[in-house]
Structure formats: C-alpha cells, structure tokens
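In what follows, residues are counted from 1 in the order of the sequence shown. All of these numbers come straight from a predicted model, not from anything done at the bench. Side-chain atoms are counted along with the backbone in the values below, which use heavy atoms only and exclude waters and symmetry mates.
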Amino acid sequence: YFIWSSTLAFIASFTKRPFYRNRWFWLGLLLAIYSIVGFFTVPILIKQYLPEQVKAQLGWETEVDSVIFNPYTFSLTINGLSFTDENSNKVARFRQIYSDLKFSSLIEGVLTVSQIRLLEPHISVAILKNGRDNFSTSWNTRHPEKPNEAEPVAKESEEEALPKLLFQSIKIIRGQVSITDHSAKETQKLGISAINFNLTNLATYPITGGDYQLNLSLGSKQRLNWRGNLSLVPLHSSGIVKLNGIDSQKYLAYLQPLIPYQLAAGKLDLSAQYRFAMTLAGATTQPEFELSNALVKTQALGCTGSEI
C-alpha cells in the first residue's frame with residue numbers, strides 16, 4: 001500500500017508540473033526541430049542554392065530531381081542531377097550522387113567520408129579549336145585572370161596545410177565520357193563507356209591503403225584495366241595498366257603529323273607496370289616516374305611510307 005501510494009503521488013506531482021518546466025519536453029522539441037530542419041529544410045536549400053552557385057560560377061543551368069538528407073547518419077543523396085551549358089548542351093549528368101560522412105571520427109581529429117558513390121555519370125567534353133575544353137572555358141569566362149595579380153606565397157609545408165580527411169570508399173558505377181575534339185584537322189570523337197572505379201582508404205595524411213581499380217571500355221572489344229595503389233601524403237602511385245584490342249589507327253591519329261608514315265588498320269595490346277612519386281631534392285620536390293615490364297602485342301598492324 002505504501003509503495004502504491006507513493007507511486008500515485010509521484011505521478012500526480014509530475015502531471016501537475018507545467019510542461020515547459022519538463023526537460024523531456026524541451027528535449028523532444030529540440031529533436032523535432034532538428035529532424036524537420038535536417039529532413040526537409042536542408043534538401044530545399046540544396047535544391048535552391050546549388051543551381052544558383054553553378055549559374056554564377058559556370059553559367060550553366062542545373063536540374064535536380066530530388067535531394068534526400070538524413071541528419072542522423074549525415075548521408076546525402078542527390079537524384080537526377082544534370083548540367084546544361086550556355087549553348088544548351090548537356091555537359092554532365094548523374095543518375096545519383098551519394099555521400100556519407102562519419103562525424104564521430106572528428107573526436108580523433110579526422111573527418112571521415114565513409115562513401116562517395118557516383119551512379120551512371122555521363123560527362124561530355126568538347127575540345128575547342130584553341131585546344132581548351134568546354135569546362136575550363138566556362139570557368140575562365142567568369143573568372144578571368146587579372147593582370148599583375150600577385151601569386152600567393154606557397155607555404156613551407158603543404159602537408160601541414162592539408163586538413164585530415166579520410167575517404168574510405170569512392171566508387172564510380174557505369175560511367176561514360178564522350179569526347180569531341182575540334183582542335184585536330186578533322187573532328188575526332190571518342191566514347192568511353194562502362195567505367196567502373198573503386199578506390200579505398202584515400203587519406204590526406206600518411207596511412208596505408210589507397211588501393212584502386214579502374215575498368216572501362218574504349219569501344220568494341222577495346223578495354224582498359226588499371227589497378228594499383230595511390231597515396232597523397234607523400235604523393236605516390238604504383239600499379240599495372242593493361243590495354244586490350246586498341247584500334248591503333250583511331251587513337252594514334254594525333255601522332256600522324258609527327259611521324260613520316262601512315263599507320264594502317266590494326267590492333268594493339270599493351271601492358272606495363274609503373275611507379276610515380278614526388279621525392280624531396282634539397283628544398284624542392286621533383287617527380288620520379290618509372291616504367292617496367294612493358295609489353296606490346298600487335299595484331300595485323302601495318303604502316304606505309306617512303307622511309308619504311
């Protein structure tokens with residue numbers, strides 16, 4: 001009886017307290033406001049300000065189908081993102097862009113991006129007659145170089161200037177790149193499809209990892225396979241590159257003005273191991289590049305010319 005009476009008295013005293021003096025009320029209110037801002041307000045702001053910034057920086061129009069943000073997992077999903085330049089050409093489109101941040105890692109002083117995923121990106125690159133591409137042209141049009149502008153003084157240590165970032169996974173799934181080159185005598189078109197890229201544990205500070213793999217198609221039965229390791233601090237990369245079934249006449253057309261003969265139709269298979277690093281030489285850094293175990297196979301490759 002005593003326990004039951006005490007319980008009833010406690011409930012009665014709790015219900016008589018004004019709601020605004022209850023800490024659970026304020027906690028629930030803050031949680032509700034945080035949820036509303038995260039789930040609803042943030043996507044609206046992204047859909048509003050992203051097109052404005054792209055228009056101001058590049059002069060392109062932006063279309064966004066939907067934006068989803070989870071304030072509890074800090075994941076962002078953008079569906080149906082596309083960009084159209086001032087000539088009404090689609091320069092880039094993405095079926096989906098997904099990113100996931102891990103803010104708990106800030107306790108260790110590192111901002112960790114758990115995943116960046118680009119689903120079915122399609123990039124259209126146009127090389128103009130002056131040799132510049134459409135992306136840099138749009139940027140330079142709105143950000144012209146100012147004459148006599150003083151260059152910023154480089155910091156003594158670039159490593160110290162880099163914030164600690166860790167990208168645990170970067171993926172490109174079923175990507176495409178279309179290149180139209182107007183700088184040559186004849187317009188050259190190149191299509192790169194079935195681009196699949198995976199990079200793990202890329203960091204702006206010394207860490208083991210940085211393994212990557214890239215697979216793509218350069219046309220009918222033409223493949224590129226590239227795998228290896230990449231480190232930003234220090235800058236270093238090594239791996240193996242394989243090209244299979246490359247149409248020599250198509251991709252070596254740029255070399256015709258430099259060689260005294262005409263390449264006939266044929267196929268090339270190439271593979272090689274490489275190593276690239278930026279090494280310290282005194283007060284400056286110098287690039288080092290090493291190519292080893294290179295192998296070239298030809299299939300029905302021929303050439304004609306007076307000097308052969």
Counting C-beta onward and ignoring hydrogens, is there a side-chain heavy-atom pair between Gln176 and Ile195 closer than 4.5 Å?
no

Applying a strict under-4.5 Å side-chain criterion to I, L, V, M, F, W and Y, I'd like to know whether Val233 and Leu202 cluster together.
yes

Contacts under 3.5 angstrom, residues 112-120 side chains, donor-acceptor by atom type, not counting sequence neighbours:
residue: Thr112; atom: OG1; partner: Ser105; partner atom: OG; Å: 3.1
residue: Gln115; atom: OE1; partner: Arg117; partner atom: NH1; Å: 2.8
residue: Arg117; atom: NH2; partner: Gln96; partner atom: OE1; Å: 3.3
residue: Glu120; atom: OE2; partner: Arg95; partner atom: NH1; Å: 3.2
residue: Glu120; atom: OE2; partner: Arg174; partner atom: NE; Å: 3.2
residue: Glu120; atom: OE2; partner: Arg174; partner atom: NH2; Å: 3.0

Just verifying a value: how many Å separate Thr137 OG1 and Arg132 CZ, rounded to the nearest 0.5 Å?
6.5 Å

Do Asn225 and Asn244 have side chains that get closer than 4.5 Å, going by heavy atoms?
yes

Are side-chain heavy atoms of Ile68 and Pro43 found at a separation under 4.5 Å?
no

Are more than 12 heavy atoms from other residues, nucleotides or ligands located less than 6.0 Å from atom CZ of Arg227?
no

Sorted by chain and number, sequence neighbours left out, side chain to side chain donor-acceptor pair (under 3.5 Å) with Asn140 holds for none

Can you see whether Asp211 engages Thr200 through a side-chain donor-acceptor pair at a distance of less than 3.5 angstrom?
no

Evaluate the criterion side-chain hydrogen bond (donor to acceptor under 3.5 Å, both in side chains) for residue pair Ser66 and Asn79; output intermediate values, then yes/no.
CA-CA 5 Å; Ser66 64; Asn79 296 309; 3.0 Å; yes

Can you run down the ring-ring contact (aromatic ring centres under 6.0 Å, His included) pairs that involve residues 118-141, sequence neighbours left out, and say none if there aren't any?
Trp60-Phe135, Trp139-His143

Quick one about Lys90 and Ser124 (side-chain donor to acceptor, distance below 3.5 Å, no hydrogens or angles considered), yes or no?
no

So CD1 of Ile173 and OH of Tyr98: to nearest 0.5 Å the spacing works out to 12.0 Å

May I have all residue pairs that pass ring-ring contact (aromatic ring centres under 6.0 Å, His included) and include part of residues 180-205, sequence neighbours excluded?
none

Is it true that a side-chain atom of Asn87 and a backbone atom of Asn89 form a donor plus acceptor pair closer than 3.5 Å?
no

Compare all side-chain heavy atoms of Leu81 with those of Glu63 and state whether any distance is below 4.5 angstrom.
no

Taking the inter-plane angle between the rings of Phe74 and Phe69 on a 0 to 90° scale, is it parallel (under 30°), tilted (30 to 60°) or perpendicular (over 60°)?
perpendicular

So, for Glu86 and Ser138, which heavy atoms are closest and what is the spacing to 0.1 Å?
OE2-OG, 3.7 Å

Which heavy atom of Arg223 sits nearest a heavy atom of Ala194, and at what distance?
NH1-CB, 4.0 Å

Closest heavy-atom contact between Leu50 and Val64?
CD2-CG2, 4.3 Å

With a 4.5 Å heavy-atom cut-off, do Glu288 and Arg275 have their side chains touching?
yes

Applying the 4.5 Å side-chain criterion to the ILVMFWY set and letting contacts propagate, would Trp226 and Ile240 be lumped into a single cluster?
no

Path from Phe289 to Leu232 over hydrophobic side-chain contacts below 4.5 Å
yes

Is there a side-chain contact between Val37 and Pro71, using heavy atoms and a 4.5 Å cut-off?
no

For Tyr49, the other hydrophobic cluster members (4.5 Å side-chain criterion, sorted by chain and number) are Leu45

Phe40 to Ile44 - nearest heavy-atom pair and separation
O-CG1, 3.2 Å

Can you tell me how far CG of Asn134 sits from OG of Ser136, rounded to the nearest 0.5 angstrom?
7.5 Å

For the residue pair Ile192 and Leu216, what are the closest heavy atoms and their distance?
CG2-CD1, 3.6 Å

Hydrophobic clustering (ILVMFWY, side-chain heavy atoms < 4.5 Å, transitive) - are Leu235 and Leu165 grouped together?
yes

Separation between NE2 of His236 and CG of Asn229, rounded to the nearest 0.5 Å:
7.0 Å

Could you state the interatomic distance from NZ (Lys47) to CD1 (Ile78), rounded to the nearest 0.5 Å?
10.5 Å

Grouping ILVMFWY residues whenever side-chain heavy atoms fall under 4.5 Å, the cluster of Leu128 otherwise contains none

Can you tell me if Arg93 has over 12 outside heavy atoms packed within less than 6.0 Å of its CZ?
no

Under a 4.5 Å cut-off applied to non-hydrogen side-chain atoms, are Val67 and Leu76 in contact?
yes

Please verify the inter-ring angle class for Phe39 with Tyr72; under 30° counts as parallel, over 60° as perpendicular, anything in between as tilted.
tilted

Could you report the tightest heavy-atom contact between Gly131 and Ile127, atom names first, then the distance?
O-CG2, 3.8 Å

Could you grab the distance from atom OG1 of Thr187 to atom CG of Asp181, nearest 0.5 Å is fine?
8.0 Å

